Amino acid sequence: MISKRLLAASLQPLMLSLLADGPKYGYQIIHRARILSDNQIQWNNSKLYPLLHRMEYEGFVESYWEPSESGPPRKYYRLTAAGVKELDRVKQEWKTVNGIFFQLWGPGFTLE
Amino acid sequence: MFDLDKAIAAWRRPFRYHRGFETADVDELERHLRDQVYFLIEKGMAEETAFQEAVQEMGGIVEAEGEYQKIFWLKRAHHGQLGQELAMRLSMLRNYLKVAVRKLSRQKGYTLIHMFGLSLGMAAVSILLLFVQHELGYDAFHQSAERIYRVIETTYSVSQEEHSARTPYPLAQTLKQDIPEVLEAVTVAHGRSSRVRVGTDLFYERGYLFVSPAFLEVFDFERVEGDTHQALAAPASAVLTASTAQRYFGDISPIGQTFEVEQYGVFTVRGVVADPPMQSSLQFPMLLTLDGASPNAADFADWEARPRASTYVLMADDGDVRALEAKVKRMMAGHAQSSNEEREVSLQALLDVHLHSNHIRSGFGGGGHPAYLLIFAGIAFFILFLACINYMNLATARAMTRAKEVGMRQTVGARRGQLIAQFLSESTVLVVLTLVPAILLMAVVLPVFNQLTGIELALTPDALGGLLLYLVPLTLGIGLLAGSYPAFVLARIPPIAAFRGHKAPARTSRLRNMLVITQFAMAILMMTAMLVMRAQMTYISEKALGFDQEQVVVLEINDNNVRTNFQTLKQAFLTHPDVVQVAAATREIGGLGEPPQIEVTREGMEVVQAYSMSFYAFDEDALATYDLTLAAGTNFSGMPSLDSTSVLINASAAALLGESPIGTYVSVNEGAYRARVIGVVEDFHFRSLREQVGPLVMGYYLNPARVMDVIAVRLSGHNTDRALAHLKNVYERYDHRWTMQYQFLDEAIGRHYESERVFRQVFGMASIVALLIACLGIVGLAAFLIVQRTREIGVRKVLGASVPSVVFLLVRDFLVLIGGAWLVTIPFGYFAAEHWLQVFVYRISLEPWLFIGAGAMVTLVAIATVSIQVIRAGYMNPTQALRHQ
């Protein structure tokens with residue numbers, strides 16, 4: 001179980017990253033994230049959608065609706081230019097932090 | 001058959017009721033749900049199960065809403081709708097207020113009435129509480145107030161228990177020397193009313209004090225000039241109060257100046273202190289060093305001398321008063337005078353002096369009545385409670401009429417929360433508005449109150465702040481409480497029911513009736529209490545004191561010359577046609593000074609029994625001057641040779657001394673003086689009516705025990721000014737140093753009962769306020785009830801009923817309520833009155849008319865009010881009434 005705080009801190013970077021390779025709709029994003037984490041992390045939908053919305057209000061993503069054959073339309077999200085920049089920034093942050101831990105926890109400790 | 005779309009639609013519905021979700025958001029979530037369902041179906045799950053799983057996985061609305069709420073403002077900002085949102089919020093608030101105000105102004109009539117009632121209540125409560133606070137704070141201004149005590153001596157004799165604050169002179173010093181916990185001990189003695197000569201000016205001072213040097217160390221009187229800590233160190237020094245300094249020396253500095261005090265000598269001013277504040281039990285125009293009290297230094301070391309002064313001690317920080325008291329007792333026992341009376345010594349806290357000294361004689365301070373304070377505080381809450389009930393009645397009543405409005409609102413989509421908010425805000429607005437008139441009222445009434453009570457209560461910013469501190473939460477509390485009934489109860493009524501004219505459940509109208517009865521009961525109780533108190537006070541003030549206090553002037557004797565020439569003086573006085581009688585006495589009677597106590601033993605009895613009795617010395621005309629009645633035996637003859645060994649006794653004394661006391665001999669103070677009883681006088685109140693008449697011995701003024709101190713002169717009542725001038729003329733022929741000092745006996749006695757009179761007035765005012773508030777409540781209630789039954793009245797009229805008969809009908813209902821209230825109050829009132837009256841030695845008996853009278857008054861007011869309202873409604877056009885809803 002990952003601590004709530006760590007989870008909270010990584011949520012946004014996670015979202016940004018998942019959108020890096022193209023626009024997705026909400027369910028897609030969450031589904032993929034679940035697979036990635038091997039179901040280790042508990043996803044609460046109620047936190048995810050508002051987060052996406054927040055990111056939209058902050059300007060990192062933008063949304064649009066697309067009709068679907070299987071029912072009501074879906075809301076898609078994609079990264080904005082600002083979002084791409086933010087993703088880079090976040091990557092740098094994590095690299096820095098990783099570096100420190102790598103030094104502390106020794107070469108024997110791999111982020112495999 | 002499971003229908004996915006229907007199931008999803010059902011799942012969607014609750015979202016509508018939660019403000020945080022926009023339609024788009026819910027669409028998004030629904031889409032998510034569907035995707036999940038399809039995913040699960042593909043995995044092989046059945047549709048229904050898949051749906052349920054998906055819903056589970058989705059999570060609850062409530063937590064979700066929390067998250068959505070968090071980004072609410074962000075969302076608004078993103079859409080550029082911040083301004084809009086704020087505007088909308090503001091306009092909603094403005095709407096509430098507008099509605100509230102509109103509602104209120106439409107019912108201006110009894111809204112104002114109830115507001116006024118509440119303001120009145122708050123003002124009254126505040127004033128009373130200020131007063132109570134004032135009384136409780138006496139002497140607290142001294143830094144070490146909690147550690148200052150005074151020594152009280154209690155004497156137990158056969159007939160009574162006496163508490164005195166008078167202690168032997170040497171006590172203070174010995175306490176300080178012998179007991180380590182006593183940091184300081186000071187002696188405080190009363191100076192006799194004297195003439196003071198400053199240069200060529202003459203003043204008359206009373207109430208000044210002789211004190212030990214450490215007085216200003218123990219007590220913190222504000223220094224104005226000079227080194228007050230050292231001021232009393234040197235002998236024959238004086239410390240003046242600011243006003244005394246102003247009187248004696250004007251604007252020049254009094255330090256170093258001297259003045260002469262008759263009988264005591266010359267003193268040098270060494271310091272000036274501010275006038276003692278009103279809340280000080282020690283009041284004085286000046287302080288003189290103790291050594292000046294007597295020219296004979298040995299007096300101060302004399303344990304046996306009649307106690308003359310009060311002793312105050314300052315206890316160490318870590319001292320324990322019980323332990324200290326025990327030590328003091330032991331020490332006193334060591335120096336005890338022998339006597340056959342039991343004596344007990346105790347310590348009284350300085351902070352208790354003002355309120356708890358009424359049973360203690362010869363001390364400083366006192367005059368506060370804790371019983372009265374309790375009553376005042378009780379009255380205050382009583383009034384406030386009344387006003388609150390009023391107010392709640394109002395809110396409840398108005399709520400009823402608005403059931404329909406509530407239904408309407410709900411139909412149009414108002415949420416419960418909004419309704420509640422509206423009712424609460426209305427109610428609170430109203431209550432807060434009452435604060436302003438309350439404070440204004442207070443400001444206006446306070447000076448009147450001060451005048452009546454002689455107390456200086458000030459509405460200082462400080463005091464105001466303190467009051468607001470409890471007034472504001474109080475008003476908010478009342479507002480919320482009163483508004484909560486309509487808010488919560490009404491808002492729950494389903495809209496349809498409200499439309500159908502849903503009447504509140506019987507439970508609530510019973511509640512309302514209970515409230516009304518309570519109000520009436522309280523009003524009746526208050527009136528009853530007021531009637532009882534007035535009756536008692538009048539009884540006391542008019543009670544035959546046993547002597548005639550009117551037209552009697554009492555002159556103080558300040559010069560021995562007057563004493564020696566008394567007979568001549570007397571004859572000279574009597575030459576004026578309007579001087580009726582002249583007599584000599586040791587003291588004024590009537591409870592002003594206190595008579596000295598002597599021990600009396602009847603001679604020739606088998607069992608030798610000594611009694612403590614009061615003593616006055618008179619001359620042969622005293623009985624006539626005071627108009628006392630001789631029950632048996634004879635008066636003084638006027639021949640000193642006979643009279644100097646004769647005494648008169650009063651009936652109480654005669655009862656103690658045994659059968660036929662006339663002609664027997666009594667021995668006074670263990671043989672110091674021996675006299676024959678020549679007559680018995682009927683009991684009269686030589687002391688306060690607060691105590692029972694004790695035994696009294698009256699000797700002739702030329703006896704060895706006491707010397708005369710006053711001359712009592714009975715005037716005819718005509719030409720009083722000229723008679724007085726004549727007296728003055730004659731008097732000053734014999735007293736060359738001082739002018740004649742006199743007072744009228746009835747005025748002096750009146751002042752003695754000042755506190756009772758004041759109390760009576762304040763209480764009278766308070767009851768009127770309470771009654772007023774109760775009436776306001778009745779008016780409002782009557783109005784409301786009438787409104788409710790307007791339709792009924794209209795119908796009755798249409799059916800042919802006359803207005804008076806309708807009036808009668810409604811009034812009758814009211815009467816039932818009042819009757820109920822009355823029944824309830826009678827036992828309470830009786831019990832309370834009995835209890836209160838026990839405080840008095842002489843008291844009235846509780847007559848039924850007191851209770852009936854109160855009830856009758858309230859009933860009358862109620863009937864009058866109701867009738868007016870009903871008549872007004874009655875004359876309304878019946879069709880209007882029927883239309884009215």
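In what follows, every heavy atom counts, from backbone to side chain, and hydrogens, waters and symmetry copies are set aside. Order of the sequence lines sets the chain letters (A, B, ...), proteins ahead of strands, with each chain counted from 1. For clarity, every value in this text was computed on a predicted model and none was experimentally measured.
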Does CD in B/Gln56 sit with more than 12 non-hydrogen atoms of other residues, nucleotides or ligands closer than 6.0 Å? no
I would like to know whether B/Phe39 and A/His31 meet side-chain contact (heavy atoms from CB on, under 4.5 Å); could you show each step before the answer? CA-CA 10 Å; B/Phe39 175 71; A/His31 196 70; 3.3 Å; yes
Can you tell me how far CD1 of A/Ile30 sits from CD of B/Gln36, rounded to the nearest 0.5 angstrom? 9.5 Å
Minimum side-chain heavy-atom gap B/Tyr68-A/His53 below 4.5 Å: yes
Is any side-chain heavy atom of A/Arg74 less than 4.5 Å from a side-chain heavy atom of B/Asp35? yes
Report, in residue-number order, which members of residues 24-33 of chain B are under 4.5 Å from chain A by heavy-atom distance. B/Ala24, B/Asp25, B/Asp27, B/Glu28, B/Leu29, B/Glu30, B/Arg31, B/His32
